[in-house]
Amino acid sequence: MRAVMQPEPLGLHQVFDRCETLFADRPVVLGGAAGPTTTTYGELFAQARAFAGRLTELGLRAGDRVATFAPNTREHLLAYVAVPGSGLVLHTVNIRLSGKEIAYTVEHAGDRVVLVDAALWPEWSAVALPACVEHVIVYGDIAELPERHGNAVVSRFTDPSGVPPREGPWYRPADENEASGICYTSGTTGWPKAVVYSHRSVYLHALTLCGADTFAISEHDVVCPVVPMFHANSWNLPYASLLAGASLVLPAQRTDPAGLAECFAAGGVTFSAAVPTVWANLVAAVGAGEVDPNALSSVQRLVIGGSAASETLLSELAELGIEPVHAWGMTECSPVGLIANPPADAEAAVAAASKSSQGRPMPGLDLRAVEDGVPAPRDGASIGELQISGPYVVADYYGAEAGAVADKFVEHGGKRWLRTGDVVTVDERGYVRLVDRTKDLVKSGGEWISSVALENHLLAHPAVQEAAVIAVPDPKWEERPLAVVVARDVDAAQLRDFLAARVPRWQVPDRFEFVAEVPKTSVGKLDKKRLRGEYA
Ligand code: ADP
């Protein structure tokens with residue numbers, strides 16, 4: 001039997017048309033070329049229409065790719081609207097990749113136009129630009145620009161185009177599975193892999209983030225996406241905010257504790273999201289008296305994701321009167337897949353345990369932990385690889401070489417499962433707890449040691465600010481854990497004793513390296529690949 005409901009395609013046009021119609025008066029504070037400006041969604045959409053007109057004038061056709069090379073700015077947000085809103089595909093280039101990787105992703109995506117922040121011109125101009133790029137548009141303060149970069153014509157964002165702004169409703173895809181954006185994974189092994197989001201997947205994911213039991217983003221919120229807009233669409237917070245009518249505050253480059261505190265206070269931010277180090281630095285700055293805790297008084301919820309949040313960080317945020325929300329995600333899952341909100345009927349202990357887990361699946365997603373091809377029991381103890389399926393999970397990587405990604409997916413029970421490479425347990429209530437990434441587990445004398453568990457214990461020591469545990473080869477045990485820590489007034493013997501009271505003796509690292517800062521990846525996670533290169 002066929003339903004009689006309208007087959008209206010899901011897409012970003014619903015987000016944009018709704019925001020422009022209903023929330024035009026909402027104030028937004030946007031960091032940008034001329035410093036932070038307070039504006040409204042009405043003005044923002046007017047500017048996006050002007051930018052869309054200009055893109056059309058460049059002769060782009062539906063499905064063509066337009067890239068950004070920018071931090072979280074007003075102009076970046078304009079591209080978030082104008083590009084998919086014109087039927088084009090937004091490729092948000094990760095500005096922290098190497099020049100070679102940037103050139104690779106631009107060529108792989110086939111970008112025709114790139115929007116570049118002037119502050120990043122030194123990095124951008126050093127990229128050997130592939131021939132596909134026809135136009136480079138630069139915004140911000142910059143005295144001199146060359147006429148060409150590679151084959152591309154260089155112009156300024158502010159150059160008058162004489163082109164009328166786009167009119168009428170935003171681009172409505174004939175097929176909701178048309179592409180709206182491309183993000184590349186950070187490529188810890190081999191070249192970055194391309195995830196192409198559809199209008200449908202982005203819409204469904206954004207809508208889901210507005211659910212009361214997910215991130216609960218609503219018109220009452222002021223959302224500050226600290227996570228970069230080139231990292232998995234800033235975890236889809238910009239689109240969720242436009243959809244809900246939440247006000248947005250974009251911090252541009254000011255993601256240091258003092259900059260964030262200023263941004264939060266100026267915009268009355270209620271909700272923000274970033275990787276654990278960002279929040280750990282903010283908490284430390286409050287502790288050191290460098291940031292006034294009153295500057296954070298409007299903040300209600302902070303999402304911690306991208307890497308495991310330690311229990312220490314969760315309780316430190318709670319002590320500041322902020323509700324920490326731990327979430328797990330992957331570029332491949334749009335990206336938020338799990339959220340650690342406690343169950344309604346939880347006693348205090350269960351609530352605390354569930355909040356420090358990686359969480360339960362977002363509505364629409366299905367998951368399983370698989371060990372030797374068989375789903376592991378949901379008992380909170382049996383481990384297996386996390387596999388995920390659902391309408392906003394990748395079914396394939398765009399333009400991957402034949403066979404190169406075949407092992408990333410499994411077909412089972414009529415579903416296509418993405419193999420995440422994360423080793424987890426799942427408990428009776430469906431909470432997932434990450435044991436480790438497969439490649440980060442330490443195999444000592446045939447037994448597995450979780451690097452994440454050791455890091456979390458180390459972070460509970462008051463003298464430790466950062467901790468990363470990696471496997472190093474060992475002639476006797478095959479591998480042994482090595483801890484790289486940032487700490488004050490503590491030595492290896494004291495940390496060993498501290499750990500020995502919390503984990504079995506044989507798991508305690510033999511070697512400790514004290515450093516000024518643990519190296520981070522392009523998206524701010526502990527760079528274990530680099531650490532292995534240095535210490536293994
Ligand atoms: P890449 O895989 O290229 O590093 P992603 O940013 O998509 O890029 O990283 C996804 C991975 O990050 C996950 O597979 C998982 O290992 C890790 N991760 C994300 N969120 C969490 C979390 N809350 N706790 C632990 N690990 C996490």
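Numbers here simply count residues along the sequence, with the first being 1. Since the model is a prediction, treat every value here as computed from it, not as a measurement. Every number for a ligand or one of its atoms is a count from 1 in the order of the listing.
Taking each heavy atom of Ile449 and Asp436 in turn, the nearest pair found is O-OD2, 4.0 Å.
Neither the backbone nor the side chain of Ala309 has any atom closer than 4.0 Å to an atom of ligand 1 (non-hydrogen atoms only). Contacts with ligand 1 closer than 4.0 Å are made by side-chain heavy atoms of Gln358 only, the backbone lying farther away. Contacts of Ala232 with ligand 1, taken as heavy-atom pairs under 4.0 Å, are absent altogether. Proximity of Asp422 to ligand 1, defined as any heavy-atom pair under 4.0 Å, is confined to the side chain (atoms from C-beta onward).
Residue contacts with ligand 1 do not include Lys193, since none of its heavy atoms lies under 4.0 Å from the ligand. In this structure, Ala327 has a heavy atom closer than 4.0 Å to ligand 1.
Interface of His326 with ligand 1, defined as ligand atoms under 4.0 Å from a residue heavy atom, comprises 22 (C), 23 (N), 24 (N). Interface atoms of ligand 1 facing Leu434, defined by a heavy-atom separation under 4.0 Å, are 25 (C). The distance from ligand 1 to the heavy atoms of Thr185 drops below 4.0 Å at these ligand atoms: 3 (O). Residue-ligand proximity, Gly306 to ligand 1, at heavy-atom distances under 4.0 Å covers atoms 12 (O), 17 (C), 18 (N), 19 (C), 20 (N), 21 (C), 27 (C). Near Met330, with a cut-off below 4.0 Å to any heavy atom, the atoms of ligand 1 are 7 (O), 10 (C), 13 (C), 14 (O). The contact set between ligand 1 and His231, taken as ligand atoms under 4.0 Å from a residue heavy atom, comprises 6 (O).
Inclusion of Val523 in the set of residues having an N or O under 3.5 Å from an N or O of ligand 1 is not warranted. The shortest N/O to N/O separation between Glu332 and ligand 1 does not fall below 3.5 Å.
The number of heavy atoms from other shown groups lying within 6.0 Å of CD (Glu479) is above 12. In the displayed structure, Glu123 atom CD is contacted under 6.0 Å by more than 12 heavy atoms of other residues, nucleotides or ligands. For Asp366, the CG atom is densely surrounded, since the number of other residues' heavy atoms within 6.0 Å is greater than 12. Within 6.0 Å of CD in Glu428 there are more than 12 heavy atoms belonging to other residues, nucleotides or ligands.
Judged as a ring pair (Phe, Tyr, Trp, His ring centres under 6.0 Å), the pairs with a partner in residues 415-472 (not counting sequence neighbours) are, in order, His461-Phe498.
You'll find the ring centres of His205 and Tyr197 outside the 6.0 Å limit.
Between the side chains of Ser451 and Asp440, no donor N or O sits under 3.5 Å from an acceptor N or O.
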Carefully, step by step, assess Glu411 and Arg416 under the rule salt bridge (Lys or Arg N to Asp or Glu O under 4.0 Å). CA-CA 5 Å; Glu411 306 286 339; Arg416 187 162 171 84; 2.5 Å; yes
